[in-house]
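Comments concern the structure below.
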Amino acid sequence: MHRRIIVPSALAASLLLAIPASAADFTPGAPGIGDSYYPASGNGGYDVSHYDLRLKYQPETDLLEGTATIVATTKQNLSRFNLDLGLKVSEVRVNGRIAKFATSGDHELEVTPAVPLEKNKAISVVVRYAGKPSEFKVDGWSAWARTPDGGVAAQEPDSAVWWFPSNDHPLDKATFDVSVSVPDGTQAISNGVLQSQSSRLGWTRFNWRSNKPQATYLATLAVGKFDITTDRTANGLPVLNAYSKDLGDNAGAARASIERTTEVAEWLEGVFGPYPFNSLGGYVPNVTSGFALETQTRPFYSPRQFANGANVSVVVHELAHQWYGDSVSVRDWKDIWVNEGFARYSQWLWSEKEGEGTAQELADYVYATRTAEDPFWTVKPGDPGAENQFHIAVYDRGALALQALRNEIGDEDFFAILKGWPQEFAYGNARVGDFVRYAERVSGKPLAGLFDTWLYQPSKPAASTAAAAGLSAPEAAAPAAGPAARSAAPSAARSAAPKPVQPKSWKKIAATNTVHDHDEHEGHGKH
């Protein structure tokens, strides 16, 4: 047997390694993730990989009880960290040990673990909580809607704080297991695939799984009594649509629209590439709101979207978001154009496919019918400001930018970009500038000037600029002409041209302009 002799210098080094970092090396995680529009949104210091939510909801009383298990990795030495939650917490455990907690602000849950957390370590956080979501308000508004037979969580830019603790910003996406127990005869709908369902002692539990990274605002929960239709796509993906049983006169139009989800998704795959998630569907609860939302795999639709009959255009919009907004999400809320400009343009492409007006005709119509004095042109889609995040300009002017791009680089490169972008940033986050650079790389053309004109200048582009981009008011009685022909037309003739004919699809598309109007709290923004 040989004894190992440790020389003094080696002994000193080993002792240093054994000494834990001092308390001074551990600091609290930031109470916000650093968003330009919503500084308090999300939290710093950790990254979530998975949420496991085990919930019980009583529709009669609106009481929600939950145990959330959050799997995350620390990004710094943490003495304390925040979660976002508006309901009352009874216990928090970090890595199995009881942790201290306190609340601050509108929905900050400050957690102090029993032992400081070292950087780059896997951690688990368990939060037990309960409350009535409809009674929690931020500046007087709520993302939780009570229905005659249940409740719904669906809202943008945030809804998570009403029903589960989270790092509430799209920059921290995670997978989800959502298990919900509700009274027998009532259903619970969430994202992804229904893994199992069981009943015991008057309660039925539904277990849902969303197995691809998902932003917290795209997580949804709907409890109520639904008529449910199920199917599978040609590729085997499960399709689940749900309709409240009390939709009244809107029921037929809602079904006539949502039941075309598979058809629309298959068409969008031809435009944007393979569908990125594990299921398809949509749901229409009996809510009084008027908006729709791209909740991942299972968009939410208000009944009012179908008040004037079936509208497949809104389905196209929300399903397009599965690629643009859900798989590729904003890095910062000022990048909203990478969601909404493309979802609106997909409606223009659907119109083109259906023979109800080409994207070019729709773009020309938008440009021609919005006068230079219209405030529409003062909103910059590339950075609209929190107060204008869902302004119509982000949609229509945002789509104009894409038509200008299409005319500039040609269909081959344009559609290669539409299909390649969701692959390039799949399940991640991106900025407007990332798209500009990607389009330049694929097309081989400098495009910064084009995007500056259509996304960032607070004024209507001049007629000559529009004509150069292939956008102008078409002359009545003139045969259809390509961008080059329109560019050559005298500007005087264009300005004297009569008002363009409204494309057939215009009214259906315009009916979805309220798609992300957030009703009673529109304009408040996120807190």
Problem - Non-hydrogen side-chain atoms of Leu109 and Tyr129 separated by less than 4.5 Å - result: no
Problem - Non-hydrogen side-chain atoms of Thr175 and Ser49 separated by less than 4.5 Å - result: no
Less than 6.0 angstrom separating the ring centers of [X] and [Y], yes or no?
| X | Y | value |
| --- | --- | --- |
| Trp267 | Trp350 | yes |
| Phe435 | Tyr324 | no |
| Tyr243 | Phe306 | no |

Donor-acceptor pair, distance only, cut-off 3.5 Å: does the side chain of [X] make one with the backbone of [Y]?
| X | Y | value |
| --- | --- | --- |
| Ser351 | Gly357 | yes |
| Asp335 | Val432 | yes |
| Thr147 | Gly150 | yes |
| Asp332 | Lys334 | yes |
| Asp168 | Gly42 | no |

Working to the nearest 0.5 Å, report the span between [atom1] of [X] and [atom2] of [Y].
| X | Y | atom1 | atom2 | result |
| --- | --- | --- | --- | --- |
| Phe300 | Thr295 | CZ | OG1 | 8.0 Å |
| Glu269 | Lys419 | CD | NZ | 9.5 Å |
| Leu319 | Arg260 | CG | CZ | 12.0 Å |
| Thr288 | Arg304 | OG1 | CZ | 7.0 Å |
| Tyr57 | Leu221 | OH | CG | 8.5 Å |
| Trp323 | Leu418 | CH2 | CG | 12.0 Å |

Just checking, is any N or O donor in the side chain of [X] or [Y] under 3.5 Å from an acceptor N or O on the other one?
| X | Y | answer |
| --- | --- | --- |
| Asn207 | Gln195 | no |
| Asn311 | Ser257 | no |
| Glu259 | Thr229 | yes |
| Asn429 | Ser329 | no |
| Tyr51 | Asn167 | no |
| Ser41 | Asp35 | no |

Practice task
Take Arg431 and Asp434 through the test salt bridge (Lys or Arg N to Asp or Glu O under 4.0 Å) and record every step on the way to the result.
Solution key: CA-CA 5 Å; Arg431 297 185 184 277; Asp434 294 324; 5.5 Å; no
[X] atom [atom1], neighbour heavy-atom count above 12 within 6.0 Å:
| X | atom1 | value |
| --- | --- | --- |
| Arg209 | CZ | no |
| Asp47 | CG | yes |
| Lys353 | NZ | yes |
| Lys137 | NZ | yes |
| Asp184 | CG | yes |

Exercise for the section: Return the orientation label for the His317 and His321 ring planes: parallel under 30°, perpendicular over 60°, tilted otherwise. Expected result: perpendicular
Practice task
Identify whether the distance between the nearest side-chain nitrogen and carboxylate oxygen of Asp227 and Arg255 falls below 4.0 Å.
Solution key: yes
Practice task
Using a strict 4.0 Å threshold on nitrogen-to-oxygen distance, state whether Glu354 and Lys508 make a salt bridge.
Solution key: no
Completion exercise
Quick note, ring-ring contact (aromatic ring centres under 6.0 Å, His included) partners involving residues 182-218, not counting sequence neighbours, are Tyr217-Trp333
Problem - Evaluation steps, side chain to side chain donor-acceptor pair (under 3.5 Å), between Asn191 and Gln296 - result: CA-CA 6 Å; Asn191 311 81; Gln296 194 159 307; over 6 Å; no
Practice task
Measure from NZ or CZ of Lys212 to the centre of the six-membered ring of Tyr427 and say whether it is under 6.0 Å with the direction within 45° of the ring axis.
Solution key: yes
